Amino acid sequence: MGRKGTFQMPVQELAGALSTPDVPAQYIARAHEDQQLAAVVVAPVLVIDLVRLSKHGDDTSDEAAKLWSAIESWGLFMVSNHGVDAVMDNMMAASREFFGQPLKEKQRYTNLNGGERFQFEGYGNDRVNSPDQIRDWTDRLYLKVEPEDERSIALWPARPETFRNALHEYTKKCGEVKNDVLRAMAKLLELDDDDYFVEHFGEKPLTDVRCSYYPVCPRPELVFGLKPHSDATVVTVLMVHDRVGGLQVLKDGVWWDVPIVPHTLLMIIGDQTEIMSNGIFKSPVHRVVTNTKKERLSVALDYYVDPEREIEPSAQLVNEKRPALYSKVKVKDYFARSYNAFTQGKMVIDTVKI
C-alpha cells in the first residue's frame with residue numbers, strides 16, 4: 001500500500017531548526033487577509049454526564065436533552081463521569097514521552113516503508129501527493145488498533161515501555177464510552193433498535209488512533225495545525241491537551257474556540273453518522289491552529305463502520321417530508337475518497353449528497 005515518497009523533516013525538528021521567524025512556503029495555508037489567529041469567542045460546548053445519560057429513569061431526560069442540543073448546535077460535546085481518567089493520564093503521558101524522544105528513536109516507527117513507500121500507519125508527516133500540496137504544522141503517530149488481529153505491532157512504540165499497554169487499555173475503555181453514547185443517540189432519533197449505530201459497525205469495524213504533536217510555530221497566523229475538515233468516521237473520541245487549546249469549530253461562518261475541560265473526552269460526530277441519520281445529526285467542520293509559546297498534544301480515536309459494508313440513511317428516518325439526502329456508499333470507497341478531499345481542502349461528504 002502507499003505511494004513513493006521521500007523523507008521529510010518532521011515539523012518538530014523543523015520548528016527547532018528555524019533560524020528566522022518565517023515558515024517554509026509549503027506550510028503557508030492562509031492568505032494575509034485571513035490571519036485570524038484565534039476565534040472571537042469560545043463555543044459553549046456542553047458537557048454530558050455519561051452516568052446520568054446511561055441510567056434508566058426520569059433523571060436521564062435532562063441529560064438526553066443536553067445531548068440533543070449539543071449535537072444539533074455544534075456536532076460535538078464533552079463527556080464527563082466516563083471512568084477513563086487514569087487510563088487517559090497514562091495514554092497522554094506515553095504519547096508525550098514518545099514525541100520527546102530523539103528523532104532516531106522515533107524513526108524506528110516511520111510511515112515510510114523501506115524509506116520511500118508511504119503507508120498510513122507509523123510516525124511522520126502526511127503523504128505528499130504533489131509539490132504544491134499545503135502541509136499541516138504537525139507530526140503524527142497513526143496506528144490501526146481494531147480489528148485487534150490486524151494490528152501492526154512492529155509500528156507500536158516499544159519505548160516508552162508503557163505505550164503499548166496504555167493504548168490497548170485506552171482503546172478498550174473508550175470503546176465502551178462510544179457505545180454508550182451511540183445508544184443514547186439512537187434513542188434520541190427514536191429508532192426501533194437502540195443498538196442501531198453499534199450494530200452497523202459490522203463484524204470487522206475499523207478503529208485507528210492518531211497521536212498528534214503540534215510544535216510551537218513562529219507564524220501561527222499563516223499555518224494550520226490541521227486544516228479545516230469534517231471526520232469521515234461514525235464518531236471521533238478526542239483527548240486534548242489539558243492546558244493548551246487550538247481546536248476550533250465552524251458555525252454560521254465563524255470559527256469558535258473549543259474550550260478545554262480537563263478529564264473530559266471530546267466526541268465529534270462523523271460523516272458516517274450524518275449519512276445514517278439522514279442529516280439530522282451533522283458532522284462539524286473543524287480545524288486546529290497553533291501558537292508561538294506552547295506545544296500541543298492530542299490523541300484521537302477514529303471509529304469506522306466495517307470498510308466492506310455499505311451505509312445509507314436509516315429507512316426509519318426517510319419519508320415524504322424528508323427524503324433520503326445521501327446516496328448509499330461503500331465505506332471503503334468513502335474512506336478512499338476522504339484523504340484526497342482532505343488534502344485539497346474539500347468536504348468528502350459533498351460527494352454523496354443527493
Side-chain angles (χ1 to χ4, degrees), residues 5-30 34-39 88 91-112 118 120-128 133-143 155 157 159-160 163 167 208-229 236 238-248 255 257-258 260 262 266 286-300 342-343 345:
T6 57
F7 171 75
Q8 304 166 61
M9 181 183 291
V11 181
Q12 186 177 1
E13 304 297 318
L14 175 63
L18 290 175
S19 57
T20 64
D22 293 317
V23 295
Q26 62 265 38
Y27 291 93
I28 296 177
R30 294 193 265 179
D34 186 36
Q35 291 180 8
Q36 180 189 17
L37 177 56
M88 288 175 69
M91 186 66 230
M92 184 59 81
S95 298
R96 184 175 286 110
E97 191 174 343
F98 172 78
F99 285 106
Q101 295 179 109
L103 177 59
K104 184 177 180 180
E105 183 64 30
K106 289 179 288 192
Q107 284 184 321
R108 293 174 58 189
Y109 310 101
T110 180
N111 59 10
L112 288 178
F118 178 88
F120 281 104
E121 288 193 81
Y123 162 77
N125 311 101
D126 284 338
R127 182 177 72 200
V128 177
Q133 179 178 319
I134 303 300
R135 305 172 196 179
D136 289 334
W137 193 261
T138 184
D139 297 324
R140 297 192 183 94
L141 175 63
Y142 181 102
L143 300 167
L155 291 173
R159 296 181 184 176
F163 188 95
L167 178 54
D208 62 51
V209 67
R210 288 174 292 123
C211 302
S212 300
Y213 180 91
Y214 303 94
V216 296
C217 181
R219 298 295 302 278
E221 74 278 9
L222 295 179
V223 310
F224 287 126
L226 184 60
K227 61 179 64 68
H229 67 288
T236 302
L238 183 65
M239 173 173 54
V240 298
H241 198 292
D242 60 1
R243 293 182 301 278
V244 183
L247 181 64
Q248 297 181 337
W255 287 102
D257 280 324
V258 176
I260 299 171
L266 181 69
H286 50 288
R287 70 184 187 183
V288 175
V289 296
T290 61
N291 69 82
T292 60
K293 297 179 180 178
K294 295 282 187 178
E295 64 187 14
R296 179 179 181 271
L297 273 168
S298 68
V299 178
F342 171 72
T343 59

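Computed from a predicted model, the values in this text were never measured in an experiment. Sequence positions, counted from 1, serve as the residue numbers for this chain. Because only heavy atoms are used, hydrogens play no part in the values below, and waters and symmetry mates are left out as well, while side chains stay in.
The two residues Asn125 and Pro10 have their closest heavy-atom pair at ND2-CA, 4.0 Å. Heavy atoms only, all atoms of each residue included: Leu143 and Gly122 are closest at CD2-N, 4.3 Å. Nearest heavy atom pair, residue Ile260 against residue His241, reads CG2-O, 3.7 Å. In plain terms, the two heavy atoms of Val223 and Cys217 that are nearest each other are CG2-SG, 3.8 Å. Leu247 approaches Leu266 most closely through the heavy-atom pair CD2-CD2, 3.3 Å. The shortest non-hydrogen separation linking Ala15 to Val216 is CB-O, 3.7 Å.
Residues meeting the side chain to side chain donor-acceptor pair (under 3.5 Å) test with His229, sequence neighbours left out: Asp231, His286. Listed by chain and number, the residues in a side-chain contact (heavy atoms from CB on, under 4.5 Å) with Leu14 are Met9, Leu18, Pro24, Tyr27, Trp137 (sequence neighbours excluded). Scanning for side chain to side chain donor-acceptor pair (under 3.5 Å) contacts around Tyr213 gives Glu295, with sequence neighbours left out. With sequence neighbours excluded, the residues forming a side chain to side chain donor-acceptor pair (under 3.5 Å) with Glu105 are Arg108, listed by chain and number. Judged as a salt bridge (charged side-chain N to carboxylate O under 4.0 Å, His left out), and not counting sequence neighbours, the contacts of Arg210 are Asp302.
By the 4.5 Å heavy-atom criterion applied to side chains, Ser95 and Phe163 are counted as neighbours. In this structure, the side chains of Pro220 and Val289 stay at 4.5 Å or more apart for every pair of heavy atoms. Here the side chains of Cys211 and Leu297 are not in contact, with every heavy-atom distance at 4.5 Å or above.
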Stepwise side chain to side chain contact (heavy atoms under 4.5 Å, CB included) check, Thr138 with Val11: CA-CA 6 Å; Thr138 184; Val11 181; 5.8 Å; no
Side chain to side chain contact (heavy atoms under 4.5 Å, CB included) between Leu226 and Tyr214, worked out: CA-CA 9 Å; Leu226 184 60; Tyr214 303 94; 4.1 Å; yes
Verdict with reasoning, Met88 to Val299, per side chain to side chain contact (heavy atoms under 4.5 Å, CB included): CA-CA 9 Å; Met88 288 175 69; Val299 178; over 6 Å; no
Stepwise side chain to side chain contact (heavy atoms under 4.5 Å, CB included) test for Gln12 and Lys106: CA-CA 12 Å; Gln12 186 177 1; Lys106 289 179 288 192; 2.9 Å; yes
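Counting only residues at least two apart or in different chains, salt bridge (Lys or Arg N to Asp or Glu O under 4.0 Å) contacts with residues 91-101 are absent.
Between the Lys227 side chain and the Ala29 main chain, no donor and acceptor come within less than 3.5 Å of each other. Side chain of Glu121 to main chain of Leu155: no donor-acceptor pair is present (N/O by atom type, distance under 3.5 Å, no hydrogens or angles).
Below 30°, between 30° and 60°, or above 60°: for Phe98 and Tyr123 the angle between ring planes is above 60°, a perpendicular geometry.
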